[in-house]
Each structure stands twice: as C-alpha cells, then as structure tokens.
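Structure first, then comments.
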Amino acid sequence: MDSSSVHERLNAVFRHLLQQPCEANPVLHKVLLTSRHLQKQEAAEPVIIGGMVLDIHATPSIPANPRTTTPGKVNYVLGGVARNVAECMSKLGAKPYMISALGLDMAGIRRQKDINTAVVSNILDVNGELAAAVASVESIEKFLTPDWIRQFIRHISSAPVLMVDANLSPPALAASCKIAAECNIPVWFEPVSVTKSRRITSVVKYISVVSPNEDELVAMANALSGENMFRPIDRNKHLAESLFQTLKPAILVLLEKGIRLVVLTLGSDGVLLCSKELLSSMRIGPGKTKTYGFIRDLYETVTSRCHSSRYSGATEPAGGSQFFAVHFPALPASVVRLTGAGDCLVGGTLASISAGLDVMQSVAVGIAAAKAAVEAETNVPSQFNLTAIADDAKTVYAAANVLFYQSML
C-alpha cells in the first residue's frame, strides 16, 4: 500500500471527527458525537467516556498460515468501544456527549504532538471473527485524567445515564463514577476486555449496569470475590439454559455487589439479562425524556409492538428478594464482520433507555442494532433503517424466554 493511499484513508478518518477548542486545557479538546456529524453541546444527553481508536482490520481471503503472509484486505476503521457506542446512539437519534482524547501522529486526527491517538490492530479470520488483536491505547489513560473529566461535571450531572469504558484508568473511572453518584445518575460499565474488566473492583459500588461477555464476566467475578474460583467455559458445549446455570454463580457475585443489571452478551447465542429486580417493568434513568426525529419514532414504534405487559405475569414478584434471568435470542444475519456487534448492542440499548423504553424493550432494540452492525463493513453501520430495527426488535422481544425466576428468601 503506497503512502498516498494511506494518507487518503487517514484523511477520511479525520473528516469524521471535528475539533472544538477548549480554553481550559491547551492539550485536549471536547469531542461531541451526535447524529450524522456533530451538533451543539446543549443538545447532549447521555454522557459517554472512553476510547476513540483508529482500528486497523486485517482480514485474510483464505485461512491464514503462521509465519508467512496471507492475501487479504487491510482497512482503517473508526473504532474504540466508547466511540462506537456513541456513534450508534447518534445514528439512532440520541445525542450523546462524548469525552475522549486524540493525538497528532499517523492518524492525523489531532494537531497536538504529545498525544498519540489510540490504535488497535485486529486480525480477523475468514468469517469476520476476531482471531487476535494488539491494542496501543496508552493515550486514553494518560490524558483522560480525573481533573480533565471533572471539567464536564455539568454534563455528567444532568445526564440520564453515564457510560464508562474500562479503557479509563482506575482514577479516571473513580472520578467519573463519583460525579454520577453524587447526582444519582446511573452508570453503565463496559468491560472492553478480560484484562481491563477487572478495573470494576474499585468502582463497583457506583455501577448500575455491566455488559460483559462470558469471559469478562468470569474475570470480573473472580476479581470482585477475591478468589480465582470461576473458570472460562466452552460456550459451544452449552445451550442457553445450561449456559445460564453454569454462569449463574458468577452473575450472582456481581448482583450481590449491588449491580442492578447484568447484560451478558453471548454472540450468536444472544443475550442473558439478569437482575434482582422485576425485569418486565425495570427502567434505568429518569424514564421518558424529550425526543425528536428518529429516536422518537423508534420509541413510539417499539412501544406499540413490544408491550411491557407481555412478561409481567411470568415475572410477578412473590415478595422479598428476587432473581430474574431472561434470554434474548440473536437474529439471523449475513455476517460481514463481528467487531462492532457488541458495541452496537450497547449503543442501541442505551439510546432506547435514554428515550424512555424499559430495559427489556431496550435490549431488543440493542440486538436489532447488533444485527445491522455485523452486516456492515464498518464497526457501526452508515445508517439504521427504522422499520428494520423495529421489526427485528419485535421478533427478539417476542422470542425472549424467562429462564429463571426465584425468590431468594
């Protein structure tokens, strides 16, 4: 690949990101992602703090052999868990306020020499599954400091929900979560990876929602319990119900620590939603807020097709402490790549929660958004189709299965 081709691709990345000067800090700028490109800060609602990353995707056209090159394609893609989540929310009509850091380097995104833009190099297999990856994201930890984050206290304290990803350093996670806690703002923790998921230990008392996969769940449960008692599992050997029974002890560790909701992502096996609260009427945040355009239409369409009363009889509390688990299936899809699916699931769910949908309706929308993501070349589709998202959400919601409901007295 010649240098002119590289610069053309990287300039395309640059055109998607806009700098806004911030007098309070000469090094970092505020970065706000909203629908299409960017809008005024006053429109910001949910707050997203975490990584903006240049993803390099290497996809072989034939099965790769070790110790030699393999023909295929290399693409530069806008990435980062928090950035992907924010973009997904934006394209669903929400207006997230994002706090992150970029730098002056090969990506050419920021004109500041002492920041290196975070880069992740992903090696995919011929099916679009992640085979291996190397992450260079030190700039996120170095420059997203507690002092920098505290500059955004007004935005965080008025948000319906705060999402933090585990790319943040422990001090930055703590600063973000404490601001939210002081204003009773629910916090969604996105684990990012097995290694970084363990950072939840210092902030678990502030967390309302977590969205791990099964490996991240095991790592978090081990870290929170202080024991190495849980082991990774082979998902291929389990159906949804037996998988839940195997992972239930680890899920309970998180719920016993005060986390309200575990959104356990299982790839092609769908999502397990677990809580000690009544899921059929559970909401995160202040409930319905003022919405316009796509997100308002999505709210109205989903509420008309996914009736909250559908599962109320199956999950009626008998008094005292409860434990609920509901399985949502994945949707059939024509898979191109899988790297953005989990982020769009979270983004779709958060956008729906912010619009006022309940948790079960919101997860159904999240799974619909994840389907659209795996069928796209980029981490987040260029646009979402309202009818397709609503129809897919209805299919998922109707197929949800209550796996477990028990009094914990």
Legend entry - Phe328 and Met360: CA distance, side-chain angles, deciding distance, side-chain contact (heavy atoms from CB on, under 4.5 Å) verdict: CA-CA 9 Å; Phe328 292 80; Met360 292 183 65; 3.9 Å; yes
Legend entry - Stepwise side-chain contact (heavy atoms from CB on, under 4.5 Å) test for Ile153 and Ile156: CA-CA 5 Å; Ile153 186 170; Ile156 297 172; 5.8 Å; no
Check whether [X] reaches the backbone of [Y] with its side chain - one donor and one acceptor, N or O, closer than 3.5 Å.
X: Lys73; Y: Ala58; value: no
X: Ser100; Y: Met52; value: yes
X: Arg283; Y: Ile353; value: no
X: Asp55; Y: Leu78; value: no
X: Glu214; Y: Leu247; value: no
X: Tyr397; Y: Ser362; value: no

Inset, instruction - Please list all pairs passing the side chain to side chain donor-acceptor pair (under 3.5 Å) test where one or both residues lie in residues 175-192, with sequence neighbours left out. - result: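 Every side chain to side chain donor-acceptor pair (under 3.5 Å) pair that includes a residue of residues 175-192, provided the two are not neighbours, is Trp188-Ser211, Glu190-Ser211.
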Legend entry - Check ion pair Arg199-Glu141 (N to O, under 4.0 angstrom):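 Judged by the 4.0 Å cut-off on N to carboxylate O distance, Arg199 and Glu141 do form a salt bridge.
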Inset, instruction - Please determine if Arg150 and Asp147 form a salt bridge, counting it only when a charged side-chain N lies under 4.0 Å from a carboxylate O. - result: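 Asp147 and Arg150: salt-bridged.
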How about [X] and [Y]: do any of their side-chain heavy atoms sit closer than 4.5 Å?
X: Ile259; Y: Val204; answer: yes
X: Asp165; Y: Val85; answer: no
X: Val336; Y: Val374; answer: no
X: Arg305; Y: Thr301; answer: yes
X: Ile99; Y: Ile48; answer: no
X: Lys95; Y: Ser90; answer: no
X: Val210; Y: Ile207; answer: yes
X: Leu272; Y: Val263; answer: no

Inset, instruction - Go through Glu256 and Lys276 one step at a time and tell me if the side-chain contact (heavy atoms from CB on, under 4.5 Å) criterion holds. - result: CA-CA 9 Å; Glu256 292 295 338; Lys276 292 166 70 174; 3.7 Å; yes
Legend entry - Full working for side-chain contact (heavy atoms from CB on, under 4.5 Å) between Val326 and Leu403: CA-CA 5 Å; Val326 177; Leu403 291 184; over 6 Å; no
Legend entry - With Phe384 via ring pair (Phe, Tyr, Trp, His ring centres under 6.0 Å) - residues at least two apart: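 Applying ring pair (Phe, Tyr, Trp, His ring centres under 6.0 Å) to Phe384 gives none.
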Legend entry - Asn213 and Thr265: CA distance, side-chain angles, deciding distance, side chain to side chain donor-acceptor pair (under 3.5 Å) verdict: CA-CA 5 Å; Asn213 61 28; Thr265 61; 5.4 Å; no
Contacts table for residues 342-351: side-chain donor-acceptor under 3.5 angstrom, sequence neighbours left out:
residue : atom : partner : partner atom : Å
Asp343  : OD2  : Asn84   : ND2          : 2.8
Thr349  : OG1  : Leu345  : O            : 2.7

Nearest heavy-atom neighbours spanning [X] and [Y]:
X: Pro232; Y: Asp215; answer: CB-OD1, 4.0 Å
X: Ala166; Y: Pro191; answer: CB-O, 3.3 Å
X: Ala369; Y: Cys88; answer: CB-SG, 4.3 Å
X: Gly79; Y: Asn379; answer: CA-ND2, 3.6 Å
X: Val187; Y: Ala180; answer: CG2-CB, 3.6 Å
X: Ala118; Y: Ile140; answer: CB-CD1, 3.9 Å

To the nearest 0.5 angstrom, please state how far the [atom1] atom of [X] sits from the [atom2] atom of [Y].
X: Asn167; Y: Ser193; atom1: CG; atom2: OG; result: 7.5 Å
X: Ile49; Y: Tyr97; atom1: CD1; atom2: OH; result: 10.0 Å
X: Met220; Y: Ser225; atom1: CE; atom2: OG; result: 12.0 Å
X: Asp358; Y: Gln361; atom1: CG; atom2: CD; result: 3.5 Å
X: Ser354; Y: Tyr299; atom1: OG; atom2: OH; result: 13.0 Å
X: Asp392; Y: Lys371; atom1: CG; atom2: NZ; result: 4.0 Å

Inset, instruction - For the residue pair Phe323 and Phe244, categorise the inter-ring angle as parallel (less than 30°), tilted (30 to 60°) or perpendicular (more than 60°). - result: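 If you compare the ring of Phe323 with that of Phe244, the planes turn out tilted.
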Inset, instruction - Can you label the angle between the Phe152 ring and the His155 ring as parallel, tilted or perpendicular, going by 30° and 60°? - result: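 Taking His155 first and then Phe152, their aromatic rings sit tilted (interplane angle of 30° to 60°).
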Inset, instruction - State whether the number of non-hydrogen atoms from other residues, nucleotides or ligands found under 6.0 Å of Lys196 atom NZ is greater than 12. - result: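 It does: Lys196 NZ has more than 12 such atoms within range.
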